[in-house]
Number of protein chains: 2
Amino acid sequence: MNDVAREAGVSLKTVSRAVNGVPTLDPALAERVFAAIRTLGYRRNELAATLRSTASTATIGLIIGDMRNSFYSSVAAGTYEIAREHGTHLITASAEEQVELEQELALALCQRRVDGLLIFPAVGDQSYLQPEMDLGTSVVFLDRPGTGVSADSVRLDNVAAAHTLASMVLEEGHRRVGLLLDTLEVLTIRERLDGVRAAFEEAGMTLDDRLISTTAHDPEAATKATVAMLDLDDPPTAFIGKNNRAIIGIVDALVTRGARARVVGFDDFEMSRFLPRPVTLASFDVVELGRRGATRLFDRIAGSAGEPTTERLPFTIVQRGSYR
Amino acid sequence: MNDVAREAGVSLKTVSRAVNGVPTLDPALAERVFAAIRTLGYRRNELAATLRSTASTATIGLIIGDMRNSFYSSVAAGTYEIAREHGTHLITASAEEQVELEQELALALCQRRVDGLLIFPAVGDQSYLQPEMDLGTSVVFLDRPGTGVSADSVRLDNVAAAHTLASMVLEEGHRRVGLLLDTLEVLTIRERLDGVRAAFEEAGMTLDDRLISTTAHDPEAATKATVAMLDLDDPPTAFIGKNNRAIIGIVDALVTRGARARVVGFDDFEMSRFLPRPVTLASFDVVELGRRGATRLFDRIAGSAGEPTTERLPFTIVQRGSYR
DNA sequence: AACAGGTCGGACAACGTTATCTCAGCTCTG
DNA sequence: CAGAGCTGAGATAACGTTGTCCGACCTGTT
């Protein structure tokens with residue numbers, strides 16, 4: 001910057017003014033500065049600039065589960081889209097659903113002075129964020145609310161989606177319905193179970209505990225649990241899968257066994273049309289989840305006050321599979 | 001930091017020393033500092049720290065095409081993995097294959113003083129990076145080499161994979177082979193075409209231009225191009241798809257037409273086993289592409305000298321589809 | 001022609017941290 | 001017991017930029 005000032009024959013401050021586009025600066029002088037900048041290939045050090053000025057770092061952090069999972073990478077895409085519109089950089093980190101790692105990453109990002117954080121909170125306690133929020137870092141939780149701290153969240157309408165899927169299955173006359181879920185520690189799963197349970201109660205029925213698996217973490221586990229249910233004396237005639245991976249596991253089991261059963265579940269995915277069995281899916285626009293979260297975050301960063309809000313994304317029902 | 005020094009009854013510099021773990025510091029004094037830090041909830045400003053010190057910002061940038069594409073998000077996952085091992089943050093940006101956008105993003109990241117950049121170079125000129133590289137920013141290109149600038153790259157062995165796939169199809173007796181490719185402006189596509197052409201020449205055959213589509217950018221376009229080839233008087237009995245999306249388009253066309261044809265192509269994907277037709281795929285470990293690129297980048301950041309290198313990832317042949 | 005008002009440029013300090021230098025005080029050695 | 005050598009802590013400057021303030025210059029008005 002000193003070199004630029006010397007080259008242009010002006011003071012340091014004038015270079016700063018030119019770079020920052022101060023309107024009261026003589027255009028001719030500004031042009032001389034820009035010429036010098038071009039000649040010398042000067043590039044402003046953003047870090048130093050944000051140190052002195054009160055301006056933000058124009059960076060937000062995103063803490064997700066696993067980038068390989070299309071659910072998270074879709075959210076990242078939506079988040080990036082909005083961040084880009086705000087001229088903001090996106091630092092993405094993966095906490096693998098471990099709250100200690102999440103805390104380490106979130107605090108590291110705060111030390112980097114990110115303007116805000118978007119977090120998929122892991123099972124555990126997020127109260128470690130309180131001091132940072134008091135110091136002015138905005139936080140928005142995605143998919144689930146944080147624990148021990150009050151902040152905005154953008155979530156999926158799990159209860160309604162589960163209720164709709166279950167009602168559909170019951171109306172079709174199914175009475176034995178297998179649920180392929182994950183651990184009930186996760187709120188999202190509990191909500192989906194609650195929605196199903198409500199639909200059952202409305203139909204004057206109760207859920208059979210033997211038809212509820214809470215171990216369908218991946219396709220293989222879902223297959224195993226499905227097979228176990230098919231082996232019961234009174235096997236299910238319908239299955240509800242907690243997400244795309246569970247659906248794959250269920251269909252895998254059915255195809256292997258040559259069994260026929262109604263399959264419904266959550267989350268649409270690119271290849272769903274190729275599934276060898278018809279499925280009905282409650283689909284959420286996951287990219288939109290990222291967009292909404294980021295939009296809310298930038299609202300807060302811009303100074304929007306008020307109580308924390310919870311936004312719920314709607315779902316759509318789609319028919320997939322049985323592609324020949 | 002001043003507050004911490006006051007609270008602990010030491011000088012500013014001693015706080016700095018404690019925070020940075022300077023070994024010559026009296027442990028009792030350090031403990032007093034840490035106690036003060038806990039009391040006050042002090043957190044170091046990393047931006048200010050990197051300003052004065054010669055240390056790096058512990059941040060790298062990744063410029064990809066589109067986060068929604070699992071190819072890119074897999075690379076991001078591999079990159080993140082290695083970055084994490086190096087205690088480094090990852091800023092991801094999407095240039096959507098536009099070189100102007102790529103330049104803007106890359107230079108913005110340089111102004112953020114990233115230690116290095118991993119770039120999927122768009123078709124165009126990357127010489128804008130030269131000044132930054134001269135100033136010490138390391139650059140590694142992924143998937144394709146940059147133009148107008150000399151830097152490391154990590155790439156896929158496209159020619160060999162294409163050669164293997166094409167030889168396989170020819171050995172099976174196919175003589176009419178349809179190629180579903182994208183624009184030949186992209187080096188990767190040219191390499192895949194070159195591999196196929198070499199296999200044909202070895203078999204004493206030449207490619208029929210009418211069986212080469214350079215418009216199969218997405219599944220729908222691939223379907224359209226496949227259908228057009230199937231309508232020829234002498235339609236192909238085999239198809240080679242340039243990537244997973246082309247494969248989906250080809251299979252879609254075959255299923256819709258009720259046609260039988262051999263299908264081979266590039267890139268494995270999670271759902272490939274559900275494809276309703278058997279396919280043979282040349283699969284690259286894309287996560288590994290991200291890992292290798294990041295590893296090379298950190299080597300350079302650590303000061304590894306020497307001429308730019310080109311690394312090529314091997315492929316494996318996998319059988320997929322025809323799932324019942 | 002003189003003065004008021006406005007505009008633009010430059011000196012200086014500051015952002016939060018670390019590097020360098022210096023010095024006090026201790027220990028060890030001869 | 002004196003002096004050399006070392007250790008640990010503080011004072012000061014510096015990183016690259018921007019905010020504040022003041023002064024110089026210019027313009028327009030009377």
Side-chain angles (χ1 to χ4, degrees), chain A residues 1-34 36-37 40-59 107-115 132 135-137, chain B residues 1-37 40-59 107-115 131-132 135-137:
Chain A
M1 196 156 161
N2 268 311
D3 298 338
V4 172
R6 201 175 315 119
E7 172 83 17
V10 298
S11 80
L12 214 60
K13 184 60 202 175
T14 302
V15 176
S16 170
R17 274 195 263 252
V19 168
N20 291 295
V22 172
T24 57
L25 187 68
D26 181 1
L29 207 54
E31 188 39 53
R32 232 166 72 209
V33 173
F34 288 127
I37 286 174
L40 276 65
Y42 162 81
R43 199 107 48 210
R44 173 167 79 164
N45 183 331
E46 296 289 339
L47 270 46
T50 56
L51 180 59
R52 179 60 171 100
S53 85
T54 53
S56 71
T57 55
T59 312
L107 293 181
L109 288 170
C110 287
Q111 290 193 202
R112 274 314 209 0
R113 295 295 185 265
V114 293
D115 300 332
E132 309 302 328
L135 260 64
T137 307
Chain B
M1 196 155 163
N2 267 311
D3 298 339
V4 173
R6 201 175 316 117
E7 172 84 16
V10 298
S11 79
L12 214 60
K13 183 59 203 177
T14 301
V15 176
S16 170
R17 274 193 266 255
V19 169
N20 290 293
V22 170
T24 58
L25 185 67
D26 180 359
L29 211 54
E31 187 40 51
R32 234 166 70 207
V33 172
F34 287 128
I37 286 175
L40 275 65
Y42 162 80
R43 198 113 43 216
R44 173 169 80 163
N45 184 331
E46 296 289 340
L47 269 46
T50 56
L51 181 58
R52 179 60 172 99
S53 87
T54 53
S56 71
T57 55
T59 311
L107 294 181
L109 288 170
C110 287
Q111 290 193 201
R112 276 312 199 19
R113 296 295 186 266
V114 294
D115 300 332
E132 309 301 328
L135 260 64
T137 307

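Every heavy atom of this structure was used, including side-chain atoms; hydrogens, water molecules and symmetry mates were not. Quantities reported herein were computed from a predicted structural model and do not represent experimental measurements.
Residue B:S11 has its side chain nearest to D:dG10 when only C:dT17, D:dG16, D:dG10 are considered. Closest to the side chain of B:R52, from the set C:dG10, D:dA13, D:dA9, is D:dA13. Taking every side-chain heavy atom of B:T14 into account, D:dG10 is the closest of D:dG10, D:dG8, C:dT17. With distances taken from any side-chain atom of B:D26 to the nucleotides D:dG8, C:dT18, C:dC15, the minimum falls on D:dG8.
Comparing B:L51 and A:S53 along DNA chain D, the residue whose closest nucleotide (by nearest heavy atom) sits nearer the 5' end is B:L51. Mapping B:K13 and B:A48 onto DNA chain D by nearest heavy atom places B:K13 at the nucleotide closer to the 5' end.
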N/O to N/O distances under 3.5 Å, protein versus nucleotides 4-7 of chain C:
none

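At a threshold of 4.0 angstrom between heavy atoms, the contacts of B:N20 are confined to the sugar-phosphate backbone, with no base atom among them. Within the nucleic acid shown, B:L12 comes within 4.0 Å of at least one base atom, counting heavy atoms only.
One side chain, B:T57 or B:D115, offers a donor N or O that lies under 3.5 Å from an acceptor on the other.
The CG atom of B:N2 sits 13 Å away from the C1' atom of D:dA11 (whole-angstrom rounding). In this entry the distance linking CD of B:E46 with P of C:dC15 reads 19 Å, nearest Å. Atom-to-atom, CG of B:L40 to P of C:dG16 comes out at 14 Å; the value is rounded to the nearest Å. In this structure, CZ of A:R6 is placed 16 Å from C1' of C:dG10, rounded to the nearest angstrom. When rounded to the nearest whole Å, the span between CZ of A:R32 and C1' of C:dC8 equals 13 Å. Atom-to-atom, CE of B:M1 to C1' of D:dG10 comes out at 13 Å; the value is rounded to the nearest Å. When rounded to the nearest whole Å, the span between CG of B:N45 and P of D:dC15 equals 18 Å. The separation between A:L25 atom CG and D:dG19 atom P is 14 Å, rounded to whole Å.
Under the salt bridge (charged side-chain N to carboxylate O under 4.0 Å, His left out) criterion, B:D3 pairs with B:R6, not counting sequence neighbours.
With contacts defined as side-chain heavy-atom distances shorter than 4.5 Å, the pair A:L12/A:V4 does not qualify. Between A:L107 and B:R43, some side-chain heavy-atom pair lies under the 4.5 Å cut-off. With a 4.5 Å cut-off on side-chain heavy atoms, A:L109 and A:T59 do not count as touching. No side-chain heavy atom of B:F34 sits under 4.5 Å from any side-chain heavy atom of B:R32. Within the 4.5 Å cutoff, no side-chain heavy atoms of B:R113 are placed close to those of B:T50.
Interatomic distance, B:L47 CG to A:E46 CD, rounded to the nearest 0.5 Å: 10.5 Å. To the nearest 0.5 Å, the span separating CG on B:N45 from SG on A:C110 amounts to 11.5 Å.
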What one-letter contact string describes nucleotides 21-27 of chain C from 5' to 3', where B marks a base within less than 4.0 Å of any protein heavy atom, S marks contact via sugar-phosphate atoms alone, and - marks no contact? -------
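In terms of phosphate contacts, A:S16 brings a side-chain nitrogen or oxygen within less than 4.0 Å of OP1 or OP2 of D:dT18.
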Pair B:R44, B:N20 - check side chain to side chain contact (heavy atoms under 4.5 Å, CB included), show working. CA-CA 10 Å; B:R44 173 169 80 163; B:N20 290 293; 2.7 Å; yes
